[in-house]
Number of protein chains: 2
Amino acid sequence: MSVKHAILGLLSWQPLSGYDLKKIFSDSTAFYWSGNNNQVYRTLLELYDEGLVSREIIQQENLPAKKIYTISEKGRQELRQWITVNPELPVLRNSFLIQLAWADQLTPPELENLLASYEEEIHTQWLIHNQSSPQLSPEQARSPREALLWSAIHQNQLRFYQTEWDWVKHLRVSLAEIQS
Amino acid sequence: MSVKHAILGLLSWQPLSGYDLKKIFSDSTAFYWSGNNNQVYRTLLELYDEGLVSREIIQQENLPAKKIYTISEKGRQELRQWITVNPELPVLRNSFLIQLAWADQLTPPELENLLASYEEEIHTQWLIHNQSSPQLSPEQARSPREALLWSAIHQNQLRFYQTEWDWVKHLRVSLAEIQS
DNA sequence: TGCGCCATGTAACATGTTACATGATTAT
DNA sequence: ATAATCATGTAACATGTTACATGGCGCA
């Protein structure tokens, strides 16, 4: 259960409300969850029930009250334990590859069109990632080593889109060659 | 709903039983589903109820009866339509990156150990993918263009692990430099 | 005797998404 | 007026996994 640990991690960085977490998830590309209410608020309740976080209700003038969650000592231990555990493999699900597998039934222009729109979508993502991410920017890191790690995370995602982009460009050339 | 179309695609290639599909999913890396019974058999029923496939029950001596599913004309149309639709972005979920984000609390040897085990897992996956895949091998393709597409799908996955491997090796070097 | 293959299916659970619901304040 | 931001939460649905259930055949 990784959202749980993602939230614990963010709270280990600083106390946050559910609304804050939601925004981080929906803005950030590294924290790949959609940031939907259901998951965030339910997970926070679970963490609270398990004693991994504490919370404080803050009344505000002219704004709704908010609940600020703070990681507990037990929560820090749980997070540290999870980090040390052997890493899982990345999950890559590219339904475009499934489309391609049966795309031989398309006419050459249709196939070319499909590849062109995939290339454009990938390129757009690359551009989005290439703009500095507001969360986890190395300037906010607590140590040079953390800054290096955060920069590496960013690089990892950029490289993914770069590789994908190169791949689709190369495939388009190969297909053009085969048809001539 | 992509399993549905993945199954339709496989059936457009040749008639298959639920058991066959299960095996293809669990053996193949391109068809990334786990190949669990629940999903395969339920999806086949849905496809049947929607008239996208027909089926034939084949009694066998000394073996349980099997249901061979064949794609229908309506199924072929549905598949073709899905293929032409604009492609979705690949879904990449790497919980290791979330671990890394908070890994500054580890000691240098602990962090080095974490990265080493990730590198090994990625390398193992690379080796697995590097062996020729039994499904969708270009030799079984119905045209040179299909062979090219299938080869490209395979290359796409290999490149992913290669990129990831390069990335983690580079990160290990950078971390070693920062500590000296 | 016990495991793996063939072949079907169901139950329970985990995870994740969209949409619904409320309600004040602030900016266009 | 109308949309966006702040802030909480619930309901319904989609998708995917593990484990359970049945049962014969062949192999070590």
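Computed from a predicted structure; not experimentally measured. Naming: A, B, ... by sequence-line order, numbering from 1 per chain.
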Under the side-chain hydrogen bond (donor to acceptor under 3.5 Å, both in side chains) rule, collect the residues that match up with B:S143, sequence neighbours excluded. A:D104
Measure the shortest side-chain to side-chain distance between A:V40 and A:V3 over non-hydrogen atoms and say whether it is less than 4.5 angstrom. no
Hydrophobic side-chain clustering at under 4.5 Å (ILVMFWY, transitive links): who's grouped with A:L63? Put none if nobody. none
Between P of C:dG4 and OH of B:Y19, the distance in whole Å: 12 Å
Distances under 3.5 Å between protein N/O atoms and the N/O atoms of nucleotides 14-18 of chain D, please, pair by pair.
{"unit_1": "D:dT15", "atom_1": "OP1", "unit_2": "B:M1", "atom_2": "N", "d": "3.4"}
{"unit_1": "D:dG16", "atom_1": "OP1", "unit_2": "B:W33", "atom_2": "NE1", "d": "3.3"}
{"unit_1": "D:dG16", "atom_1": "OP2", "unit_2": "B:Q39", "atom_2": "NE2", "d": "2.6"}
{"unit_1": "D:dT17", "atom_1": "OP1", "unit_2": "A:R93", "atom_2": "NH2", "d": "3.3"}
{"unit_1": "D:dT17", "atom_1": "OP2", "unit_2": "B:S34", "atom_2": "OG", "d": "3.0"}
{"unit_1": "D:dT17", "atom_1": "OP2", "unit_2": "B:N36", "atom_2": "ND2", "d": "3.3"}
{"unit_1": "D:dT17", "atom_1": "O4", "unit_2": "B:N38", "atom_2": "ND2", "d": "3.1"}

Would you confirm whether A:Q99, through its side chain, and B:V85, through its main-chain N or O, come within 3.5 Å as a donor-acceptor pair? yes
Whole Å only: how far is the CD atom of A:Q59 from the P atom of C:dA24? 15 Å
For residues 39-61 of chain B, which residue pairs qualify under ring-ring contact (aromatic ring centres under 6.0 Å, His included), counting only residues two or more places apart or in two chains? none
What pairs of residues pass the salt bridge (Lys or Arg N to Asp or Glu O under 4.0 Å) test when at least one of them lies in residues 63-82 of chain B, not counting sequence neighbours? A:E110-B:R80
Can you measure B:K22 atom NZ to C:dA7 atom P for me and round it to whole angstrom units? 10 Å
Tell me: CD1 of B:I58 to P of C:dT8, nearest whole Å? 10 Å
Where is the tightest heavy-atom contact between A:I153 and A:A30, given as atom of each residue plus distance? CG2-CB, 4.1 Å
Taking only N and O in the side chain of A:Y41, is any of them less than 4.0 Å away from OP1 or OP2 of D:dG9? no
If you take any heavy atom closer than 4.0 Å to DNA chain C, which residues from residues 62-72 of chain A end up in contact? A:N62, A:P64
Would you confirm whether A:T163, through its side chain, and A:R159, through its main-chain N or O, come within 3.5 Å as a donor-acceptor pair? yes
For DNA chain D, which residues in residues 44-51 of chain B have a heavy atom at a distance below 4.0 Å? none
Just list the side-chain donor-acceptor pairs under 3.5 Å for residues 165-174 of chain A, sequence neighbours left out, or say none.
{"unit_1": "A:W165", "atom_1": "NE1", "unit_2": "A:E119", "atom_2": "OE2", "d": "3.2"}
{"unit_1": "A:W167", "atom_1": "NE1", "unit_2": "B:A152", "atom_2": "O", "d": "3.0"}
{"unit_1": "A:R172", "atom_1": "NE", "unit_2": "A:E112", "atom_2": "OE2", "d": "3.2"}
{"unit_1": "A:R172", "atom_1": "NH1", "unit_2": "A:E119", "atom_2": "OE1", "d": "2.6"}
{"unit_1": "A:R172", "atom_1": "NH2", "unit_2": "A:E112", "atom_2": "OE2", "d": "2.4"}
{"unit_1": "A:S174", "atom_1": "OG", "unit_2": "A:H170", "atom_2": "O", "d": "3.1"}

At how many degrees, to 10°, do the end axes of the helix from C:dT1-D:dA28 to C:dT28-D:dA1 meet when each uses five pairs? 30°
Can a side chain N or O of A:K23 be found less than 4.0 Å away from OP1 or OP2 on D:dC6? yes
Starting at CD of A:Q60 and ending at P of C:dT25, how long is that distance when rounded to a whole Å? 13 Å
Provide, to the nearest angstrom, the distance between the CZ atom belonging to A:R55 and the P atom belonging to D:dA7. 16 Å
My understanding is that a hydrophobic cluster links ILVMFWY residues whose side chain heavy atoms are under 4.5 Å apart, including indirect links. Using that, what else belongs to the cluster containing A:I58? A:I68
The complete set of salt bridge (Lys or Arg N to Asp or Glu O under 4.0 Å) pairs with one or both residues in residues 1-18 of chain B, sequence neighbours excluded, reads B:K4-B:E50
Strictly by ring-ring contact (aromatic ring centres under 6.0 Å, His included), give each pair with a member in residues 61-91 of chain B just once, sequence neighbours left out. B:H5-B:W82
Heavy atoms of B:L100 and B:L115 approach each other most closely as CD2-CD2, 4.3 Å
